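One structure is given below, encoded as structure tokens.
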Amino acid sequence: MEKLSALQKARLEYQPKTPDMIKGDISNIIAEESGVTEPASFKEEIKELFANVYGLPVVKFKKGSNPNANNKVNVGIVLSGGQAPGGHNVIIGVLDALKKANKDSKLFGFLGGPSGILEDKAIEITPEFAFNFRNTGGFDMIGSGRTKLESEEQFIKCIEVFKKRQISALIIVGGDDSNTNAALLAEYLKKNNTGVQVIGVPKTIDGDLKNKYIETSFGFDTATKVYSELIGNICRDANSAKKYWHFIKLMGRSASHIGLECALQTQPNVAIISEEVEKEHITLVEIVDDIVRIIITRSENKEDFGVALIPEGLIEFIPEMKLLISELNDLLANNVTHFETLNSFAEQTQWINKNLSRDSSFVFSSLPFDIQKQLLMDRDPHGNVQVSRIETEKLIIDLVQDKLTEMKNNGKFKGKFSAQNHFFGYEGRCAAPSNFDSDYCYSLGYTAFILIANGLTGYMSSVSNLAQPHTNWAAGGIPLTMMMTMEQRRGKLKPVIKKALVELDGKPFKKFAEQREECAIKTSFIYPGAVQYYGPAEVCDRPTKTLILESE
Ligand code: FBP
């Protein structure tokens, strides 16, 4: 058996904390309805697409007798998309609840993500097997994948597999896209009277699956604490050596929640927020000019060092880059075969430049070759450029360097500029979950099973009041359709769960904006240190600053 560290052993014994309302016998918990709900926009379109799971009520748990809770059931679970700390605890929360309700019930974990359902690859998750995964990071218990479940053919295959394994409920743990697919599957299964229920669980380190009812997605807490520890260490190194500017790209496919939270935790000199760049139409040149301004001012104060945070998704929010990427996406999607016949990079760029609009061709040509190559790399399953593979931090360093050299030659910059680049992304996705994520995920899994025991389908498991002590957390379910809207995807209007971007009038951004100029010029770093698992609650259990500010 694999050798465990003392901390790993201790974490296996950690009992996640849960809301009071899900304690006790599962047969004594019922789901109370609190009004029929509808999405905020495209009501008619969504109603038509989801005729069978539309207009369901939000439910909250309360004490009451549920005669079906102890029925023997087989439940399936699948992890979908990128890893996020706490996924194993979701599975263990479901398992503990299911076995508590009836020890003969079974939990099947589909392997390697949604494709595991289509290929009928699953294992039974027993308490003995699951024990070694309690409070651990990673998704290695059953793996994950990015296969989209959306076609009728796939749904028919799912039904076949559920029948064979006598599965009467499926839990899909994923982000906005996976939960949109959960809603489509729930609708299909209900329309066809299969009796199979579908429950979603909000996962993503990006923190962009949240709304009025879902306060945060799991994994965001741990990932941002891990990145903040690393950023704090770099800030301290910068402040010790006083010779480097560190440019750190942070994960988050689209939204800048991770960058914003880390900026609140560490107070770097620069933190770019993509949503602001888009709203204010800030160009790449303007971004660079502002960083140069900060470098020069700090240099005049004899501080030729600093730390800048760059969100991974930035490139797609810069107006001229957004247009370029969208033209490239269409060009590449519509000319796959022809593009494959172009053998050299020179041939590829020549063809690209010929087919782009004049403005985009100009922007493309002005980029360094490495970035041009990265922009032409394979798209993800949604046809999007893979931003985690674009070295935006290096692009910005190059442009800043060029500008400073020019200014030096003109006598306008007399200091020194030496840059280091970093990318923090995969480092945080499989970290051992913080107490918050351990507790939250276990409670989400446990809640998902109670929703199943109450006969519900088409819901997302919800645990709220998260800024309060766990005893006051509320548990229940939110209808998936009420979080939906319609958006253009590959030229078609499609139902989607709305991605939550950083709100510029929200409290976390306002707090950051209030202090950023001072942090830019005056060294004001905070060194948060490592995630703590044992010790006083204010050190070990505190949620993110984003969550606290949003709950005020
Ligand atoms: P999910 O939205 O599936 O949770 O994944 C988010 C993420 O971690 C992004 O931050 C990042 O851009 C992407 O996954 C990287 O994907 P991959 O794991 O395929 O490299």
Side-chain angles (χ1 to χ4, degrees), residues 76-91 94 109-119 121-122 137-151 154 158 170-186 198-211 214 216-224 250-255 257-258 312-313 316 378-389 425-431 433 437 440-441 444-445 448 460-461 480 483-484 487 489 494-501:
I77 190 160
V78 65
L79 301 173
S80 181
Q83 284 70 250
H88 289 157
N89 268 26
V90 173
I91 300 177
V94 176
F110 287 102
L111 302 176
S115 63
I117 310 179
L118 305 175
E119 293 159 14
K121 288 191 180 142
F139 279 5
D140 45 314
M141 184 202 276
I142 55 173
S144 184
R146 291 198 184 273
T147 304
K148 284 162 74 68
L149 283 184
E150 54 182 357
S151 70
Q154 290 175 320
C158 290
L170 176 73
I171 296 170
I172 297 184
V173 182
D176 50 338
D177 284 324
S178 309
N179 276 287
T180 297
N181 296 337
L184 289 167
L185 181 61
V198 181
I199 301 293
V201 175
K203 171 235 71 165
T204 177
I205 59 159
D206 294 0
D208 57 8
L209 174 44
K210 64 175 173 182
N211 48 53
I214 302 295
T216 187
S217 55
F218 79 76
F220 178 72
D221 185 271
T222 312
T224 52
L250 288 169
M251 236 184 202
R253 164 128 227 339
S254 194
H257 297 293
I258 293 182
E312 178 183 79
E316 285 191 315
D378 292 344
R379 271 35 190 169
D380 73 6
H382 308 279
N384 295 321
V385 71
Q386 298 187 53
V387 282
S388 62
R389 298 173 68 185
Y426 299 98
E427 293 81 349
R429 294 204 311 186
C430 284
D437 270 329
Y440 181 44
C441 290
L444 281 172
M460 182 178 282
S461 172
L480 288 164
M483 300 176 216
M484 290 189 148
E487 279 178 12
R489 293 282 164 97
K494 294 247 178 166
V496 292
I497 291 187
K498 207 169 167 41
K499 219 183 240 315
L501 298 180

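Keep in mind that what you see is a predicted model, and the values were worked out from it rather than measured.
The two residues Asn179 and Ile172 come nearest to each other via the heavy atoms OD1-O, 4.1 Å. Among all heavy-atom pairs drawn from Ser461 and Ala448, the shortest one is OG-N, 3.6 Å. The two residues Ile497 and Thr180 come nearest to each other via the heavy atoms N-OG1, 2.9 Å. Here the shortest heavy-atom pairing between Gly113 and Val78 reads C-CG2, 3.3 Å. Listed here is the closest heavy atom pair of His88 and Met141: NE2-N, 3.1 Å. The two residues Met484 and Pro495 come nearest to each other via the heavy atoms SD-CB, 4.5 Å.
Proximity of a side-chain donor or acceptor of Glu150 to a complementary backbone N or O of Lys148 within less than 3.5 Å is not detected. In this structure, Thr222 contributes its side chain and Gly219 its backbone to no donor-acceptor pair below 3.5 Å. Proximity of a side-chain donor or acceptor of Ser217 to a complementary backbone N or O of Thr204 within less than 3.5 Å is detected. Side chain of Ser144 to backbone of Gly81: a donor-acceptor contact under 3.5 angstrom is found. At distances below 3.5 Å, not a single donor-acceptor pair connects side-chain atoms of Gln83 with backbone N or O atoms of Gly138. A donor-acceptor pair under 3.5 Å is formed between the side chain of Lys203 and the backbone N or O of Ser80.
One distance of note links CG of Asn211 with CG of Asp176; it measures 11.0 Å at 0.5 Å rounding. Between atom CD1 of residue Ile142 and atom CG of residue Asp140 there is a gap of 10.5 Å, rounded to the nearest 0.5 Å. How far CD1 of Ile205 is from CZ of Arg253: 12.5 Å, rounded to the nearest 0.5 Å. Going from atom SG of Cys430 over to atom CZ of Phe139 covers 7.5 Å, rounded to the nearest 0.5 Å. Rounded to the nearest 0.5 Å, atoms CD1 (Ile91) and CD1 (Ile77) are 5.0 Å apart. In this structure, the separation between CG on Asp177 and NZ on Lys494 is 11.0 Å, given to the nearest 0.5 Å.
Ring orientation note: the planes of His257 and Phe220 are nearly perpendicular, at an angle over 60° on the 30°/60° scale.
For Lys499, the NZ atom sits in a packed shell: over 12 heavy atoms of surrounding residues, nucleotides or ligands are nearer than 6.0 Å.
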Item to check | Trace of the side chain to side chain contact (heavy atoms under 4.5 Å, CB included) decision for Phe110 with Leu170 | outcome: CA-CA 10 Å; Phe110 287 102; Leu170 176 73; 4.0 Å; yes
Checklist entry - Are Ile171 and Val94 close enough, and set up right, to give a side chain to side chain contact (heavy atoms under 4.5 Å, CB included), and what steps lead you there? => result CA-CA 9 Å; Ile171 296 170; Val94 176; 3.7 Å; yes
Next on the checklist: Working note: Lys498 + Glu487, criterion side chain to side chain contact (heavy atoms under 4.5 Å, CB included); need CA distance, chi angles, decisive distance, verdict.
Outcome noted: CA-CA 9 Å; Lys498 207 169 167 41; Glu487 279 178 12; 4.3 Å; yes
Item to check | Working for side chain to side chain contact (heavy atoms under 4.5 Å, CB included), residues Leu501 and Ser254 | outcome: CA-CA 8 Å; Leu501 298 180; Ser254 194; 4.2 Å; yes
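Residues forming a side chain to side chain contact (heavy atoms under 4.5 Å, CB included) with Leu118 (at least two apart in sequence, or on another chain): Thr147, Leu149, Gln154, Lys157, Cys158. For the ring-ring contact (aromatic ring centres under 6.0 Å, His included) test, residues two or more places apart in sequence or in another chain that qualify with Tyr440 are Phe436.
Taking the side chain as every heavy atom from C-beta outward, Leu444 and Pro202 approach each other to under 4.5 Å. With a 4.5 Å cut-off on side-chain heavy atoms, Glu119 and Leu111 do not count as touching. Residues Phe218 and Val201 form a side-chain contact, since some pair of their non-hydrogen atoms from C-beta on lies under 4.5 Å apart.
Salt-bridge check for Glu312 with Arg389: failed, with every basic side-chain N at 4.0 Å or more from each acidic carboxylate O.
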